[in-house]
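Scroll down for the structure; my scribbles are underneath it.
As the structure is a prediction and not an experimental result, all values here were calculated from the model.
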Amino acid sequence: MDNVILVNVIIIILGLTILLWSFLDFTYGLAAWLIFFPIVVSIRGFEGLEIFPMERVFNTLLFGVALIKIRGNWNKIPGISLFIYFLIFLFAILLSAIFSDMPFSSLARTLTFIVPLMTGVMVLAAVMDKENSLQVIMRAMIIGFAITIGFGIVELILQKNMLLEMGVLPWDEDYMSDVRFGISGRISSFLGQPIYAALYLFIMLPVILFYKKYYNENYAIKILCIILVILGAIIILLTGSRSVMLPLTILPLVFLIFRHGKKVFKTKWLYYYIFGFLLLPVLLPKELLNFIIESFKDINQLNIATTSALYTRLELSEFFYELFKEHVLFGFGPGFIQRMAASVGMFWDLRGMENQYAALLVESGVIGFSAFMVFIFKAIRMSVATCRDKNSLTSDWAIMTSSIFSLVMVIALSLYIVNTFIMNYLMIYLAILISLKAQSEMDGNGFEYLTGELSTSHSTESGAVLS
């Protein structure tokens with residue numbers, strides 16, 4: 001049997017099992033899916049049905065279960081209004097697809113924009129459905145993270161990605177021929193492309209630290225969490241992704257700024273960070289340090305004039321702007337740039353959309369672009385405003401959300417991210433923040449209801465919203 005068919009059959013069996021589990025217990029069903037989601041998200045679908053990969057199909061089915069669980073309780077779910085802004089963005093994207101030159105192709109692409117919204121709603125539904133759901137969800141995310149790191153380590157040891165060799169992941173000749181730090185091909189784990197692996201691990205690092213701080217008194221697990229963070233940072237370096245290396249380095253600084261505001265210069269942690277930053281080149285092995293430095297050079301060797309990749313990106317953005325002026329209002333429709341990439345030379349080495357915002361402007365016009373930016377503004381504004389919440393756990397999660405959102409939106413300058421699985425994890429951050437914020441406002445004692453620390457009698461009085 002073909003490897004792709006075999007793997008997809010396994011995913012179908014796994015997905016149906018998780019789907020059945022979600023009917024019995026939605027929180028644990030969603031948790032199981034969050035474990036396997038980063039593992040299956042990049043797997044090639046059945047030939048001819050690539051636009052409907054198995055992970056997207058089961059994500060949609062699981063969303064249907066969430067809707068059944070929610071039923072008439074939409075008004076009881078806190079913060080759902082934030083996701084209304086994303087719905088407005090989806091409506092704008094739909095208009096762009098309808099008015100495009102290739103409406104059917106654009107409409108098919110539009111379906112991929114819905115997935116992050118479904119993920120956010122599912123997490124909200126799960127958190128409000130069970131007392132200890134937040135712990136369960138975070139634990140599942142960490143298990144998925146650990147499995148992804150484990151496969152990355154195997155890839156490092158074997159000097160090859162077994163799934164790529166089997167043809168299960170989309171083949172990428174450029175990454176596999178790029179030898180850095182003695183590795184034949186940059187580490188990509190289950191994600192298929194190093195940039196996606198790096199982004200996923202980067203987004204997950206704060207989740208593990210949060211779990212370590214608030215949800216576990218077991219010192220062995222605390223140590224395990226620290227080890228996972230260290231291994232995650234190392235794998236990020238070995239992906240060779242420049243777009244994530246710099247944000248990874250400055251993430252602690254951004255976190256301190258959001259936590260302390262104007263008082264950041266008075267905190268000792270800022271000076272610890274500066275000292276550690278200056279000491280880092282001394283502590284890193286020379287070979288690894290050279291690897292990091294080399295990864296930032298990125299000279300475009302395929303260009304006859306040896307033009308730097310940065311200059312080519314600027315040219316690409318200028319090209320996008322010229323395209324935008326042809327269809328200002330609704331753009332060319334979702335998927336336009338992917339269709340065009342094969343025939344435009346400057347895309348070949350840069351792998352397509354190297355400026356998220358310019359690309360979105362081209363595909364969805366002023367209407368879609370404005371709608372998306374309003375959603376991002378509202379999301380960051382809500383998370384920043386919650387950084388000073390009276391409950392320390394809610395505040396800490398808000399600080400992490402603000403830090404991750406602001407950095408990932410900067411990373412988006414070099415990666416199309418609106419309808420990718422990375423946006424799913426940003427939606428998870430937002431959904432958890434909304435839940436914590438709502439519970440903090442409801443209960444002066446914090447959100448024991450969400451962490452399962454209430455007594456049985458108190459739990460019965462409070463009641464799960466979706467029960």
Side-chain angles (χ1 to χ4, degrees), residues 74-93 113-114 116-124 127-128 134 199 202-203 206-207 210 247 250-264 355-358 360-361 364 366-413 415 417-420 422-442 446-447 450:
W74 285 98
N75 61 325
K76 296 181 181 179
I77 297 181
I80 199 70
S81 59
L82 177 63
F83 293 100
I84 299 299
Y85 289 103
F86 197 82
L87 266 179
I88 294 172
F89 164 67
L90 290 178
F91 180 70
I93 287 290
F113 287 80
I114 303 174
L117 177 65
M118 294 192 296
T119 303
V121 172
M122 285 191 293
V123 172
L124 274 178
V127 169
M128 303 308 294
L134 195 56
L199 263 174
F202 171 72
I203 288 176
V207 176
F210 187 86
I250 66 173
L251 178 60
L253 177 61
V254 175
F255 181 84
L256 287 174
I257 291 173
F258 278 116
R259 171 177 281 283
H260 298 286
K262 296 178 181 179
K263 298 179 180 179
V264 67
N355 186 325
Q356 139 118 13
Y357 305 107
L360 186 61
L361 203 56
S364 63
V366 170
I367 293 180
F369 177 81
S370 301
F372 180 70
M373 295 313 294
V374 167
F375 166 74
I376 293 299
F377 171 77
K378 291 289 185 180
I380 294 180
R381 181 185 179 188
M382 182 194 74
S383 57
V384 171
T386 315
C387 288
R388 296 292 179 267
D389 191 276
K390 59 187 177 181
N391 186 286
S392 61
L393 285 81
T394 307
S395 174
D396 277 358
W397 187 265
I399 292 167
M400 290 197 328
T401 303
S402 305
S403 303
I404 288 292
F405 240 96
S406 57
L407 286 172
V408 169
M409 287 303 115
V410 172
I411 295 173
L413 283 170
L415 179 74
I417 204 170
V418 179
N419 58 336
T420 65
I422 298 299
M423 196 68 185
N424 290 347
Y425 286 91
L426 297 182
M427 286 294 202
I428 291 174
Y429 266 86
L430 286 177
I432 292 175
L433 176 60
I434 288 170
S435 301
L436 301 188
K437 183 174 182 293
Q439 189 60 30
S440 181
E441 292 173 353
M442 291 167 54
F447 55 98
L450 294 177

Shortest non-hydrogen contact from [X] to [Y]?
X      : Y      : value
Asp396 : Phe255 : O-CE1, 4.5 Å
Ser403 : Leu251 : CB-CD1, 3.9 Å
Leu426 : Phe405 : O-CE1, 3.7 Å
Leu124 : Ala431 : CD2-O, 3.5 Å
Ile367 : Ala92  : CG2-CB, 3.6 Å

With a 4.5 Å heavy-atom cut-off, do [X] and [Y] have their side chains touching?
X      : Y      : answer
Met423 : Thr119 : no
Met373 : Leu360 : no
Ser406 : Val254 : yes
Ile404 : Tyr425 : no
Phe202 : Val408 : yes

Step-by-step side-chain contact (heavy atoms from CB on, under 4.5 Å) determination, Val264 to Arg259: CA-CA 8 Å; Val264 67; Arg259 171 177 281 283; over 6 Å; no
For the atom pair [atom1] ([X]) and [atom2] ([Y]), what is the distance rounded to the nearest 0.5 Å?
X      : Y      : atom1 : atom2 : result
Met122 : Leu117 : CE    : CG    : 10.0 Å
Lys378 : Leu430 : NZ    : CG    : 13.5 Å
Ile257 : Ile399 : CD1   : CD1   : 12.0 Å
Thr394 : Ile434 : OG1   : CD1   : 12.5 Å

Ring centroid separation Phe86 to Phe89 under 6.0 Å: yes
Verify, without hydrogens or angle tests, whether [X] (side chain) and [Y] (backbone) share a donor-acceptor contact under 3.5 angstrom.
X      : Y      : answer
Arg381 : Ile376 : no
Tyr429 : Ile203 : yes
Trp397 : Ser383 : no
Ser364 : Leu361 : no
Ser395 : Cys387 : yes

Given the rule in the side-chain contact (heavy atoms from CB on, under 4.5 Å) test, do Phe375 and Ile88 qualify, once you have shown the distances and angles that lead to the verdict? CA-CA 9 Å; Phe375 166 74; Ile88 294 172; over 6 Å; no
What verdict does the side-chain contact (heavy atoms from CB on, under 4.5 Å) test give for Leu393 and Leu436, after you've listed the backbone C-alpha separation in whole Å, the side-chain angles of each residue and the deciding distance to 0.1 Å? CA-CA 8 Å; Leu393 285 81; Leu436 301 188; 5.6 Å; no
side-chain contact (heavy atoms from CB on, under 4.5 Å) evaluation trace for Ile432 with Thr401: CA-CA 10 Å; Ile432 292 175; Thr401 303; over 6 Å; no
